[in-house]
Every structure is written in structure tokens, then in C-alpha cells.
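A quick write-up on the structure given underneath.
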Number of protein chains: 2
Amino acid sequence: MLVDIAARLLAEEGPQALSTRRLATEADSSTMAVYTHFGGMSGLVREMVHEGFARLQRHLTHVRQTDDPVADMALLGRAYRHNALANPHLYAVMFGGSSLAGFSLTEEDRQHGRYTLGNVVKCATRCFEAGRFRAEDAELVAHQMWSAIHGLVTLELGDYLIAPYDADRCFEAQLTALMVSSGDALDAAASSVALSRERMRDEVEASGAAGEEPAAEG
Amino acid sequence: MLVDIAARLLAEEGPQALSTRRLATEADSSTMAVYTHFGGMSGLVREMVHEGFARLQRHLTHVRQTDDPVADMALLGRAYRHNALANPHLYAVMFGGSSLAGFSLTEEDRQHGRYTLGNVVKCATRCFEAGRFRAEDAELVAHQMWSAIHGLVTLELGDYLIAPYDADRCFEAQLTALMVSSGDALDAAASSVALSRERMRDEVEASGAAGEEPAAEG
DNA sequence: CAGTATTACATAACGGCGATATGTTTTAAG
DNA sequence: CTTAAAACATATCGCCGTTATGTAATACTG
């Protein structure tokens with residue numbers, strides 16, 4: 001399928017490899033294929049955005065609920081970052097706006113992935129019910145998690161975070177800070193974040209052994 | 001100067017207006033001008049990045065130190081956002097990575113603007129000395145402020161934040177959350193953030209009356 | 001001053017891009 | 001079988017960044 005080829009090209013060679021002629025060559029067809037099936041490059045980019053959010057959703061729904069909702073929340077953050085690092089160019093298309101020259105996304109395209117926030121909203125509600133977070137707006141908390149971690153991931157993908165304040169260090173600090181600012185106690189937050197790190201390590205080891213990674217890239 | 005024309009085109013018409021032919025037309029010269037002066041579009045983009053960070057620095061150094069360092073810190077956040085909203089396309093070039101198709105920035109280009117973080121680091125140190133922040137790494141705090149607010153601004157510029165959780169609301173919440181997670185008490189943080197909002201309002205009214213805005217855009 | 005080397009500029013061309021128009025082949029419906 | 005629709009291939013248009021080549025202006029040097 002053309003979408004699969006496009007996803008592979010995007011992951012392996014980056015945005016500049018996504019051209020009608022390159023796709024035609026790769027699919028053994030003509031440049032018209034993109035237009036008959038997607039109405040142009042914009043339509044194909046839209047499909048890529050949907051695919052990107054589907055992969056994100058797959059990562060987020062993969063975190064299991066435990067009796068430590070704050071650790072679950074931290075794990076959601078780790079899953080978000082993990083997905084972005086596994087599909088960096090796809091993530092750039094999802095949020096980069098005009099990452100591909102001149103291909104502006106529709107308002108509907110931009111808001112399409114909003115459903116993935118539901119995972120975070122539900123988890124925030126559980127944190128409220130457990131008395132770990134101040135009882136405030138769960139959606140607002142979700143938006144704060146989203147924008148803060150999105151910002152860190154964006155800077156990381158752009159190679160703006162370097163030693164000694166590399167992305168790993170900033171991310172761990174960011175996770176704890178987010179839990180604290182939502183109302184959790186500092187030591188409790190640090191403990192839950194540490195627990196989430198162990199759960200994440202176990203997760204990637206298990207799926208790494210099964211070779212289940214969604215995408216690899218250089 | 002070619003850089004001024006480029007900055008104007010970028011601000012008024014967006015990234016796709018930045019082409020050698022368009023610049024040649026606008027400057028009444030040929031396409032070679034970009035190559036003799038900047039060695040190509042990449043060089044011109046680099047100059048734009050430098051200009052963008054210079055404007056950011058101008059905004060950041062414009063916030064005055066008061067006896068409420070947390071309010072000063074919040075005002076730095078507001079200044080950062082204000083600069084990004086005043087120069088949205090320029091901000092996209094600074095951090096969008098490949099906002100312009102295929103023009104990858106050098107490692108030196110990406111790290112060039114790092115000096116602007118110094119304003120935040122100094123302010124964080126003052127927050128420590130005032131006993132408002134937990135005495136930890138000032139640079140780490142600065143990085144957290146940076147990535148969190150950068151993430152929010154990025155989502156805002158990309159029109160990802162819509163009512164009822166619009167950018168204004170998320171930003172105010174983000175500011176308070178950042179101060180709280182750095183160690184400030186919730187009510188103290190909220191009070192300083194509110195104070196910073198008033199100072200910001202006075203600021204834009206004063207400079208607005210003098211017509212001193214750095215750039216306007218549709 | 002003359003002579004020269006460097007820089008700036010204009011023109012034309014190359015390859016690649018998204019997009020369109022047109023005609024042809026394949027597919028599916030009646 | 002007939003025909004309407006979908007998919008495809010080819011050629012072309014107007015962009016793009018970039019390069020090569022030749023020319024005019026400038027600055028340096030003896």
C-alpha cells in the first residue's frame with residue numbers, strides 16, 4: 001500500500017524523501033497514484049498524521065493501570081516520549097505544522113489526534129480519586145502534561161538538549177515536577193516516577209525480546 | 001539589507017515566501033545575491049535564526065528585577081511567549097528544525113541561542129536565594145521552564161490548543177505549575193503569577209502606546 | 001598611476017518538485 | 001455486452017535551489 005511505503009520512506013530517509021516521484025518509483029507506478037488515492041500530497045500527509053496518532057494511541061493504551069495512578073501517569077509520559085523517539089519524523093509531521101514544505105494541515109487534521117488525550121484524562125481522574133493530585137480539572141492537568149512533555153520531546157528530537165542537561169535528565173526531572181505541580185508530595189512523586197522507570201525498563205525488555213517495536217530508525 | 005527583506009517576507013507571508021527568486025525580485029537583484037552573501041539559503045536561514053534569538057534576548061532582558069523573583073520568573077515566561085507570538089514564523093525557523101524544506105541547521109546553529117537561557121538561570125538563582133524555590137540546580141530549573149513553555153507555545157502556534165482549554169488558560173496554569181514544582185508554595189506562586197500578569201499588561205500598554213512592537217504579523 | 005585579484009552581479013541552464021491536462025487502460029455496474 | 005467510473009501513464013507547466021559562465025565593480029598591491 002502507498003501509505004506503508006510513505007511511512008517507510010519517512011522513517012528511513014526523512015521528510016524530503018516524501019515526493020510524488022519518489023513514491024511513484026518506489027511503488028512502480030506513476031506520480032498520479034498519489035492524486036487518485038489521496039488527492040495530492042496533502043491527503044497523504046493527512047493519512048500519515050492519522051497513522052502517527054494511531055501509533056501513539058497504541059503506545060498509550062499499552063500502559064496498564066496499577067494501584068499507583070501517579071506511576072501510571074508517569075508511565076504515560078514515558079510512553080508518549082517512547083513513541084516520539086521511535087517515530088521521530090512521523091512525530092514531526094504530526095506536530096511540526098509545516099514540516100513538509102507548504103503542506104498545511106486542516107483544522108480537523110490538527111484536532112484528529114485529540115482522542116489520545118483521553119488516556120491521560122482518565123489517569124488524572126484516578127490520581128484525584130486516590131488523593132494524590134489536587135482535585136482540579138482533569139483535562140487541564142492532561143493539557144499541562146501534554147504541552148510540557150511535548151516541548152521536551154520536541155527539543156530532544158531537534159537536538160537542542162545536550163550534556164550535561166541532556167534529554168534523559170531533563171525528562172526525569174520534568175516527570176517529577178509535573179506530578180508535584182499537580183499536587184503530589186515531592187517524595188511520593190519521586191518514588192512513583194522511579195517506579196515507572198522500572199516498569200518502563202521491564203516493558204521495553206519484554207517487547208524488545210519479542211521484537212515488537214513499531215518502527216526503527218537511524 | 002537582504003536579511004531585513006527576508007525577515008519581513010517570513011513574517012508577512014510565511015516560510016514559503018523565502019525563495020531565492022522571491023528575494024531577488026524583492027531586492028531588485030538576481031538569485032545570486034543569496035549565494036554571494038550567505039552561500040545559499042541555508043546561510044540565510046542561519047542568519048534568520050540568529051536574528052530570532054536576538055529578538056528573544058531583547059524581550060527577555062526587558063523584564064526588570066523586582067523583590068519578587070518568582071514574579072520576575074513568570075514574567076520571563078510571558079516575555080518568551082510574547083516574542084514567539086510576535087514572530088511566529090521566525091520562532092518556527094528557530095525550533096522547527098526542518099520548517100523550511102531540507103534546510104537542516106548546523107549543530108552550532110541549534111546551540112547558538114543557548115545564551116538566552118542565562119536570563120532564566122540568573123532568575124532561578126534569585127528565587128533560590130529568596131527561599132522561594134528549593135535549592136537545586138538553577139540550570140535544570142531553567143531547562144524545565146524552557147521545555148514546558150516551549151511546548152505550550154509550539155502547540156499554540158500550531159493551533160492545537162482550542163477552547164475551552166485555549167492557550168491563554170493553559171499558559172496561566174502552566175506558569176503557576178512551574179513555580180510550584182520548583183518549590184514555591186501554591187498560593188505564593190499564584191499570587192506572583194497574578195502579579196506578573198499585571199506587570200505584563202502594563203508593559204504592553206506602555207510599549208503599545210509608544211508603538212515599539214518588534215514585529216507584527218497576520 | 002597601472003595591474004591585478006577579489007568581490008558582486010546578471011543570465012542561462014540543470015535537475016527536482018507539486019500539480020494539471022489529456023489520453024489510455026483496467027475495473028465494475030447495469 | 002455495454003457503459004460508466006476508477007486507475008493509470010505520459011507530457012507539460014511553473015515553481016524551487018543550485019551551479020556554471022561571463023561581466024562589471026571594487027579593493028588591494030607594487
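Values in this document were obtained by computation on a predicted structure and should not be read as measured data. Here is how names work: the chains are called A, B, and so on, in the same order as the sequence lines, proteins then strands, and each is numbered from 1.
- Set against D:dC8, C:dC9, C:dA12, the side chain of B:His37 has C:dC9 as its closest nucleotide.
- Whole-Å rounding puts the B:Leu9 CG to D:dC16 P distance at 12 Å.
- The nucleotide whose nearest atom lies closest to any side-chain atom of B:Ser30 is, among C:dA8, C:dT11, D:dC8, C:dT11.
- B:Glu51 is listed as a side-chain neighbour of B:Arg55, based on a closest heavy-atom distance under 4.5 Å.
- Whole-Å rounding puts the B:Phe38 CZ to D:dT19 P distance at 17 Å.
- Phosphate proximity of C:dT7 to B:Thr36: absent, as no side-chain N or O sits under 4.0 Å from OP1 or OP2.
- Checked against D:dG17, D:dT10, D:dC8, the side chain of A:Thr31 finds its nearest nucleotide in D:dT10.
- Side-chain contact check for B:His112 versus B:Arg46: every heavy-atom pair is 4.5 Å or farther apart.
- The nucleotide whose nearest atom lies closest to any side-chain atom of A:Ser29 is, among D:dC16, C:dG18, D:dA9, D:dA9.
- Closest contact between the side chain of B:Arg21 and the listed nucleotides D:dT18, C:dA19, C:dA8 involves D:dT18.
- When each of B:Gly39 and A:Met32 is assigned the nucleotide of DNA chain D with its nearest heavy atom, A:Met32 is the one assigned upstream, toward the 5' end.
- Side-chain contact check for A:His62 and A:Glu203: at least one donor-acceptor pair (N or O, by modelled atom type) lies under 3.5 Å.
- In this structure, the CG atom of A:Leu23 is 16 Å from the C1' atom of D:dA9, given to the nearest Å.
- The interatomic distance linking B:Leu44 (CG) with D:dC16 (P) rounds to 14 Å, in whole Å.
- Residue A:Gln16 contributes atom CD, which lies 14 Å from atom P of C:dG16 at whole-angstrom precision.
- A:Tyr35 has no side-chain polar atom (N or O) that falls below the 4.0 Å cut-off from OP1 or OP2 of C:dT20.
- Ionic pairing of B:Glu156 and B:Arg81 is present here: one or more N-O contacts between side-chain nitrogen and carboxylate oxygen are shorter than 4.0 angstrom.
- We find that CG of B:Leu2 is positioned 13 Å from C1' of C:dA8, with the value rounded to whole Å.
- Between B:Ala33 and A:Met41, it is B:Ala33 whose nearest contact on DNA chain C lies nearer the 5' terminus.
- Put simply, the residue from B:Tyr91, B:Tyr80, B:Phe171 that forms a ring pair (Phe, Tyr, Trp, His ring centres under 6.0 Å) with B:His150 is B:Tyr91.
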